[in-house]
Amino acid sequence: MMLLLDVGNTRLKWGLREADQWLAQGAFAHDEAWAFDAVLPPPGRIDGVFGASVVSPALRHRVAESLAPWGHAPQWLTPTREACGVRNSYANPAQLGADRWAALIGAQDHGAAPCLVVTAGTATTIDVLDAEGVFRGGLIAPGVDLMRRALAGNTAQLPLADGRVIDLPTCTADAITMGCLHAQAGAIERMYRHVADLAGASCLLNGGAAAQIAPLLGVPLRIIDNLVLDGVAVAQRHGCFR
């Protein structure tokens with residue numbers, strides 16, 4: 001049984017996997033207690049811990065300390081030039097975020113290429129994977145909540161408020177919500193042009209804001225929850241943690 005991790009900017013997502021099957025999945029926010037003892041089997045039952053992380057060494061240390069009773073130090077995915085059927089076109093392959101690399105590997109394993117791989121979290125990443133499994137490049141943008149907070153923190157009269165999803169907003173809270181959501185959808189649809197003419201192309205969408213953004217998109221779409229964890233599982237299976 002393996003414990004797989006996706007340590008993002010605001011949450012730690014985890015999954016227990018055995019014999020290519022997910023047994024359980026969940027998440028903890030960084031600002032809450034990580035109650036692993038309430039969700040994991042007793043020490044001795046887990047055979048390894050593998051993850052993708054975009055956080056600081058200090059937070060990685062917190063992960064390791066929290067999981068110390070289970071007897072396995074986490075092994076972290078490092079992007080390379082090629083792995084698991086995906087080729088990395090970044091000028092410096094190791095500079096690509098491990099979460100983006102894992103999501104691309106997960107997309108390839110799902111048989112989704114060619115596709116646009118979108119993770120809508122604290123940041124929104126929008127990456128192009130072609131039919132040959134080549135990651136061609138992509139974008140990083142502020143996520144929905146980060147956009148909202150930027151407006152509230154850097155303008156005099158725009159509040160941090162929850163607005164409604166509505167076609168034509170007629171109040172400020174709704175206007176902010178829809179402006180941020182349309183900014184996300186617009187960036188995704190513009191990037192989709194890079195794969196739109198390829199047979200079988202689609203957009204794979206995951207992340208905490210996926211459900212908010214999906215209804216605004218006018219492209220072939222699949223929502224795959226925890227695509228990063230799927231990619232970590234594939235990378236572990238192929239021996240990419242060394």
Side-chain angles (χ1 to χ4, degrees), residues 6 8-11 54 86 88-91 95-97 99-104 106-108 110 112-131 134-228 231:
D6 168 17
N9 291 296
T10 57
R11 294 194 302 162
V54 298
V86 180
N88 184 348
S89 293
Y90 245 39
Q95 193 179 53
L96 179 67
D99 56 344
R100 295 170 69 191
W101 184 232
L104 289 159
Q108 178 76 358
H110 277 284
C115 63
L116 200 64
V117 181
V118 180
T119 299
T122 304
T124 295
T125 59
I126 309 170
D127 293 324
V128 174
L129 184 66
D130 72 15
V134 178
F135 161 55
R136 300 283 300 280
L139 304 182
I140 303 173
V144 174
D145 285 345
L146 199 55
M147 285 185 173
R148 291 172 57 242
R149 293 181 185 280
L151 283 171
N154 294 280
T155 57
Q157 299 185 41
L158 297 182
L160 180 60
D162 292 325
R164 297 172 297 168
V165 176
I166 186 171
D167 287 340
L168 292 173
T170 55
C171 74
T172 298
D174 295 348
I176 291 171
T177 292
M178 293 310 298
C180 295
L181 287 173
H182 277 295
Q184 304 285 312
I188 292 168
E189 290 187 346
R190 286 182 64 86
M191 286 297 285
Y192 190 77
R193 298 174 186 178
H194 292 282
V195 298
D197 294 334
L198 303 178
S202 65
C203 174
L204 267 62
L205 183 60
N206 78 114
Q212 293 175 282
I213 297 169
L216 301 178
L217 293 175
V219 301
L221 180 67
R222 293 168 59 188
I223 295 180
I224 300 182
D225 293 331
N226 289 324
L227 184 60
V228 173

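Model, not experiment: these values are computed from the prediction.
- With hydrogens and angles ignored, the 3.5 Å screen pairs a side-chain donor or acceptor of Gln184 with a backbone N or O of Pro142.
- Looking only at distances, a side-chain donor or acceptor of Asn206 sits under 3.5 Å from a matching main-chain atom of Val118.
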With side-chain contact (heavy atoms from CB on, under 4.5 Å) as the criterion, how do Leu227 and Leu204 come out once you've worked through the C-alpha distance, each side chain's angles and the decisive distance to 0.1 Å? CA-CA 9 Å; Leu227 184 60; Leu204 267 62; 4.3 Å; yes
Side-chain donor-acceptor distances from residues 213-226 under 3.5 Å, at least two apart:
unit_1 : atom_1 : unit_2 : atom_2 : d
Asn226 : ND2    : Gln25  : OE1    : 2.9

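- Cys203 has its side chain within reach of Ile188: a pair of non-hydrogen atoms, C-beta onward, lies under 4.5 Å apart.
- Taking all atoms of both residues into account, the shortest heavy-atom contact from Met191 to Gly138 is CE-CA, 4.1 Å.
- Distance check: His182 NE2 to Thr177 OG1 gives 11.0 Å after rounding to the nearest 0.5 Å.
- Rounded to the nearest 0.5 Å, atoms CG (Leu129) and CG (Leu116) are 9.5 Å apart.
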side-chain contact (heavy atoms from CB on, under 4.5 Å) evaluation trace for Thr124 with Thr119: CA-CA 6 Å; Thr124 295; Thr119 299; over 6 Å; no
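- Residue Thr10 holds its OG1 atom at 8.5 Å from CG of Asp145, rounded to the nearest 0.5 Å.
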Tell me, with the steps shown, if Arg11 and Asp6 meet salt bridge (Lys or Arg N to Asp or Glu O under 4.0 Å). CA-CA 8 Å; Arg11 294 194 302 162; Asp6 168 17; over 6 Å; no
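- Shortest non-hydrogen contact noted between Ala152 and Pro159 is CB-C, 3.9 Å.
- A distance-only check finds a donor-acceptor pair linking the side chain of Tyr192 to the backbone of Ala201 [under 3.5 Å].
- When the options Ile126, Ile140, Asn88, Val54 are evaluated for a side chain to side chain contact (heavy atoms under 4.5 Å, CB included) with Arg100, the one that passes is Ile140.
- Heavy atoms only, all atoms of each residue included: Pro114 and Ala131 are closest at CB-N, 3.7 Å.
- Identified under the salt bridge (charged side-chain N to carboxylate O under 4.0 Å, His left out) test for residues 181-207, with sequence neighbours left out: none.
- Taking 4.5 Å as the limit, some side-chain heavy atom of Val165 sits within range of a side-chain heavy atom of Met178.
- Side chain of Asp174 to backbone of Gly163: no donor-acceptor contact under 3.5 angstrom is found.
- The pair Asp162-Arg148 meets the salt-bridge criterion, since a charged nitrogen lies less than 4.0 angstrom from a carboxylate oxygen.
- The two residues Ala112 and Cys115 make their nearest non-hydrogen contact at O-CB, 3.5 Å.
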Stepwise side-chain contact (heavy atoms from CB on, under 4.5 Å) test for Val195 and Val128: CA-CA 7 Å; Val195 298; Val128 174; 3.7 Å; yes
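- With hydrogens and angles disregarded, no donor-acceptor distance shorter than 3.5 Å links the side chain of Thr122 to the backbone of Asn9.
- To the nearest 0.5 Å, atoms CH2 (Trp101) and CG (Leu96) are separated by 7.0 Å.
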